[in-house]
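Below, read A as the first sequence line, B as the second, and so on, with proteins coming before strands; counting in each chain starts at 1.
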Amino acid sequence: MKVAVIVFPGSNCDFDVYYALKEVSGIPAELVWHKEKSLKGFNGAVLPGGFSYGDYLRAGAIAKFSPVMEEVKKFALEGKPVLGICNGFQILTEAGILPGALLRNKNLKFLCQDVYLRVENKNPIFMKYLKEGDVIKLPIAHMDGNYFCDEETLKDLIEKGQIAFRYSSPDGEIKENSKFNPNGSLYSIAGVLNREGNVLGMMPHPERYVEKLLGSKDGLYIFKSLKKFFTG
Amino acid sequence: MKAKLEVFLKETVLDPQGKAIKEALEKLGFDKIVDLRVGKIFYVELDLEDREKAKEILEEAAEKLLCNKIIESYKIIL
Amino acid sequence: MKAKLEVFLKETVLDPQGKAIKEALEKLGFDKIVDLRVGKIFYVELDLEDREKAKEILEEAAEKLLCNKIIESYKIIL
Amino acid sequence: MKYNEPASLKDALSLGLTKAEWKKILKFLKRIPNFTELGIFSALWSEHCSYKSSKIYLKKFPTKSRRVLQGPGENAGIIKLDEELCVVFKMESHNHPSYIEPFQGAATGVGGILRDIFTMGARPIANMDSLFFGDLKEQNMAYLLNGVVGGIAFYGNCIGVPTVGGQTLFYNSYNNNILVNVFCLGIAKQNEIFYGKAKGKGNPLFYVGSKTGRDGIHGATMASEAFEEDLKEKKPNVQIGDPFTEKLLLEALLEIMKGDSIEGIQDMGAAGLTSSSFEMADRGGSGLVLYLDRVPLREKGMDPYEIMLSESQERMLMVVKKGKEKEVLEVFKKWDLDAVEIGYVTDTGKVEGYFKGEKVIDLDIKPLVSGAPKYRRPVKKPSYFEELNREEDLKIEIKNFEEELVDFLKNPNNSSKKSIYRQYDHQVQTNTVLLPSFDSALLRVKGKKYGIAITSDVNPLWCYLNPKEGSSFAVAEAVRNLASIGAKPIGVTDCLNFGNPENPEVMWQFKESIEGLTHALKYFKIPVVSGNVSFYNETKGKSIWPTPTIGMVGFVSNIKKIPDFKPEEGSSIFLAGDGEIRLSSSSFSVHKGYLLGRIPELDLERERKLQNFLIKGFGKGFFSGAHDISEGGLIISLIEIFMLSKKGMEMEISSGENTLFLFGEGGGRAVVFGDDRGILNLSKEFDIPIQKLGSFKGRDFYLRAGGWKFKASFEEIEDIMEEGLSKYME
Ligand SMILES: Nc1ncnc2c1ncn2[C@@H]1O[C@H](COP(=O)(O)OP(=O)(O)O)[C@@H](O)[C@H]1O
Ligand SMILES: [Mg+2]
């Protein structure tokens, strides 16, 4: 097993993800430059956070054309795990691999802070060690994390169980118009899955909380689950 | 030739920036401004003179890259 | 009445956004697009019908808030 | 005026040179310079580039220790961490540009300091920002604040360097001259350091990064002039930051630097191609030939004068080892960056520039760089000094304690700076162990046991009232802030912000300040390895308060032995240290409208004792937390501890003078808590006076002092602490 961490021009959490996978979670990983046309030999891919192309047009808009994205799309279709974090999530939505779009935060400012996430799903690839209703704490760091989709799509997401995480209070209460949904996301959505459940996009950064030294290990739930999925 | 492409949020999408600016204007006493929305505009220089062709190219650029149709619409001005 | 206000970087000011987008379009094969600069556009609804008055108000709004004249210029379209 | 035509005295004056300097130029050259050459002189001899007013004083700083690898004089200073790694750091001001265009000014300030760090081969791992604004009620001040913070966030977040700390103060003194000081620290292997030296005759010279436009022509000169009414005319100087391009530049360079193809490299900062080419050749003892028509241009029709003096951002000048050109170009191609060979290294001791086949620059380097003017400007003790430095302390009567306290807590100087730092990504790169809100930020180094602490401090009010001792206090406070998380200082960078040096009273402040800094730095044996002087922070004849910002780097030998701010229920809250505290010269007194007073007595020995006590206590694991007492006095410290620990605190204070005790300020004190017995024993061992103020109990902050009482919940205090600033930042 081996996971590709895609490096786009302007990615800046690439190494953090790589470190969290390889050094902390024990998942073999490699940094892969976006101009790469093949992901042969890899079993999964992570699109890390950052500012691909400076987010100069829309976050993630230009990166979706990177050569490597054809392969990422294939992974998504073949059922291989694909995880998009922050800018990675934005790229996945821009590429149409995940539904919806990420708008500017409702207070129009960059937000770097801890958030609480209520687990909405029991996805076997990414959330094996979490159960519905669990609350985990992860940091966000973004300007455009305000999740949006049309009504129909939202209905669909709910019905098909594609919502992975929602911003909540520490006790797991959802209050859409409160400080517990800091960026103003629709339905407090923090992370979504594709229909098949092998692609997860999320705004919070699990790779930042994988060691006690840095304050929390809640991010490990996701990486451990991924490891378990690979090793069986 | 020169052309412009306007890209703006769909009516159904909230525009917090527009709202904030509108409120700031209100505070400054601009009470005749009753609505304001913000969009992007691309000033493009094309290496051709054929308007039809230019329109086609810009349409394609908008569809592919410059406009995210989930949230935005666009308008070409030649 | 409705009006538009375009705000754009002065010619001589670097436009990193425009540059990055232009390069992206180039890579996608849009070789007829030889220059691209990005601006903002405000779609404004005014509670009056007098064009002169509207222009005045928008000019004032631009000067006071919407246009950063150190690096930007603006244009009112009625 | 055409670039290749002979220049005149009038031109020299219009470029900010003096008549004497013009004569000096003629003497050096033995001919009349052309306009381009004159432009080069004016830039290199500007205050900003030449340090002509400050040089003789800066020489006094201690600059050596067994850890110092590179002291002042390079792009940044270097300090060893262990046998393998080192830190590279520096602080810079971007005051004038940020006042003119706060967002872009601050953003390009960050971009500039980052380049200073990675040009040396170090990966930037942390930024700090020290910001000084005027009264937020002044028109435009909130706009400036939001613009500056937005610009720092924009650049730092995008490029992926965490902004982990800083300082933000609001005083009237900065109403017309805000200060934006940015600090960057990078990490490198000791054997992979690069210097700004042009060496090796025949080696090609490469230009890398963004194209050159007419941006900020004469920015260096502008930073060397006071603001006058003609601000408008200076506005076109504004440069736009492009953090995305800089990110590519950073990654491409660090990749190239792993190989063996670069001889020397320097970023094009103030005075652009001029300063980078002349300084590199000067350091390398070489010469350069430049073909100016090869410089990639963004705008049409630029002439050599403009090309040499443009301050377009995100550009580097690089000497490549002959034969390695292809290697270098390939990496830049991978990162979609332009790199162009624009000349080569010679051994002539000259910079020679050609444009359209004509030689337009022919200048000896030595006279221009080392021969730059140095001034011992007149000094005069300002009249305010005696007038304000009164011996007797201020008495401030408090009528309604709770009301006055809440009002004080809502003063933006005391407010939580969360509205600022939550706009900064402070965790990217996953090394930040202690985030903003602690006395110092702490970074781990992956794979190492130790940590790197950084803090930035100065109390400009004290530096105004007493430039010498106030400056010593800035060092002492930084030392204390480091010790408050268990760190020992290993090096300092500074950013000396002052008014107009041609004003003898300002020059006196500067001289005194340097003496005070030197005194304290020598006392604590901390070397200065880099820094920056920003003069001419003056508007309409009014200079800012002397503001020598200190950026101090500390070393924590065991990253696990640091504060957790999780005190046990019932454990004590101690005040450690003593010494003179005063109300006059306190931030409370300024809050109440007074501006006067002798500052508290400086006692470095007491500071050192406290420092040793704190560091030892962390080493032994006695402290759950410590917090130094500085601006705002004991009361602010206690409230901040409550905000961090979120644990109820119950305190009963009975001092003869409660106003003084709670709001007074002095050096050498900290609040500590953790293992009661351990702390008490340690205080005896270190001869530190210690006083129990109360204990952690319940859920509220509950303070009684004589007849005064203040009781509030976490949520209430959080709201109060945020309001003062957040209402200007929504
Ligand atoms: N401009 C800023 N950027 C980032 N962090 C800041 C800024 N201003 C203040 N802070 C953070 O807020 C906290 C309180 O700052 P300050 O009151 O200056 O601390 P101290 O008095 O201990 O030096 C510190 O952790 C500091 O790093
Ligand atoms: Mg402190």
Side-chain angles (χ1 to χ4, degrees), chain A residues 7-20 22-24 31 33-36 48-57 59 62-63 86-87 105 107-115 138-144 179 182 204-216 219, chain D residues 123 146 149-150 152-164 241-252 255 333-337 418-436 442-444 446-447 449 451 559-560 562 564 718 722 726 729-730:
Chain A
V7 184
F8 297 96
S11 292
N12 63 31
C13 303
D14 43 348
F15 191 79
D16 302 354
V17 170
Y18 170 81
Y19 180 84
K22 190 154 180 241
E23 306 297 330
V24 185
L31 295 168
W33 184 233
H34 77 119
K35 287 181 188 168
E36 216 52 65
F51 285 72
S52 56
Y53 295 94
D55 282 359
Y56 284 166
L57 176 57
I62 300 180
C86 198
N87 199 231
N105 295 344
N107 77 343
L108 305 172
K109 300 218 155 109
F110 190 95
L111 286 172
C112 180
Q113 64 180 75
D114 284 346
V115 292
L138 290 179
I140 53 168
H142 60 243
M143 185 83 159
D144 303 277
K179 67 172 180 183
H205 287 272
E207 81 280 9
R208 293 191 180 184
Y209 280 173
V210 291
E211 290 161 282
K212 190 162 162 273
L213 183 66
L214 302 190
S216 164
Chain D
R123 177 172 286 279
N146 284 294
V149 169
I152 290 170
F154 165 68
Y155 211 104
N157 297 349
C158 183
I159 200 165
V161 177
T163 304
V164 297
D242 181 359
F244 171 59
T245 297
E246 180 136 316
K247 170 74 172 164
L248 301 182
L249 204 50
L250 159 73
E251 297 300 339
E255 187 172 327
K333 186 154 171 258
K334 168 183 165 189
W335 290 95
D336 293 326
L337 284 168
K418 193 165 151 195
S419 310
I420 295 173
Y421 61 69
R422 87 169 176 169
Q423 295 186 47
Y424 301 153
D425 190 338
H426 39 252
Q427 291 172 317
V428 62
Q429 297 194 25
T430 57
N431 296 319
T432 319
V433 177
L434 296 179
L435 313 171
L442 180 64
L443 300 149
R444 61 121 169 238
K446 289 186 178 106
K449 196 175 155 208
I559 191 101
K560 298 227 163 98
I562 50 160
D564 64 1
E718 190 179 38
E722 281 182 16
S726 66
M729 299 195 75
E730 301 287 69

task = For chain D, find which of A/Cys112, A/Gly50, A/Gly49, A/Gly10 contributes the most heavy-atom pairs closer than 4.5 angstrom.
result =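 Of the candidates given, the most pairs with chain D belong to A/Cys112.
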message = Can you tell me which of A/Ala141, A/Ala20, A/Ser11, A/Pro9 forms the most heavy-atom pairs within a distance under 4.5 Å of chain D?
response =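 Between A/Ala141, A/Ala20, A/Ser11, A/Pro9, the count favours A/Pro9.
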request  = Name the member of D/Asp564, D/Leu434, D/Val149, D/Asp242 that forms the most heavy-atom pairs with chain A at distances under 4.5 Å.
outcome  =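 The option with the most such pairs is D/Asp242.
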request  = Under 4.5 Å, counting heavy-atom pairs only, tell me which of D/Gly150, D/Gly160, D/Cys158 racks up the most with chain A.
outcome  =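 Result: the option with the highest number of such pairs is D/Cys158.
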Between [X] (side chain only) and [Y] (backbone N and O only), is there a donor and an acceptor less than 3.5 Å apart?
{"X": "D/Asn157", "Y": "D/Asp425", "value": "yes"}
{"X": "A/Asn87", "Y": "A/Ser52", "value": "yes"}
{"X": "D/His426", "Y": "D/Pro436", "value": "no"}

request  = Go through the structure and list residues passing side chain to side chain donor-acceptor pair (under 3.5 Å) with A/His205, not counting sequence neighbours.
outcome  =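 A/Glu207.
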ask   = Of all residues at least two apart in sequence or in a different chain, which pass the side chain to side chain donor-acceptor pair (under 3.5 Å) check with D/Glu722?
value = D/Lys418
task = Would you please name every residue forming a salt bridge (charged side-chain N to carboxylate O under 4.0 Å, His left out) with D/Lys334, sequence neighbours left out?
result =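 For D/Lys334 the salt bridge (charged side-chain N to carboxylate O under 4.0 Å, His left out) partners, ignoring immediate neighbours, are D/Glu255.
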message = Could you check whether any side-chain heavy atom of D/Ser419 comes within less than 4.5 Å of a side-chain heavy atom of A/Lys109, counting everything from C-beta outward?
response = no
key: Contacting moiety of D/Asn431, where chain A heavy atoms sit under 4.5 Å   = backbone
Proximal component of D/Thr430, with respect to chain A [non-hydrogen, under 4.5 Å] =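 Both backbone and side chain.
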query = At a heavy-atom separation under 4.5 Å, does A/Glu211 approach chain D through its side chain, its backbone, both, or neither?
reply =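 Contact with chain D is through the side chain of A/Glu211 alone.
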Centroid-centroid under 6.0 Å between D/Tyr424 and D/Tyr421 rings = no
ask   = What parts of residues 244-252 of chain D touch chain A if we use heavy atoms and a cut-off under 4.5 Å?
value = D/Phe244, D/Lys247, D/Leu248
ask   = Once the angle between the rings of A/Tyr53 and A/His34 is folded into 0 to 90°, is it parallel (under 30°), tilted (30 to 60°) or perpendicular (over 60°)?
value =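 Because their plane-to-plane angle is over 60°, the rings of A/Tyr53 and A/His34 count as perpendicular.
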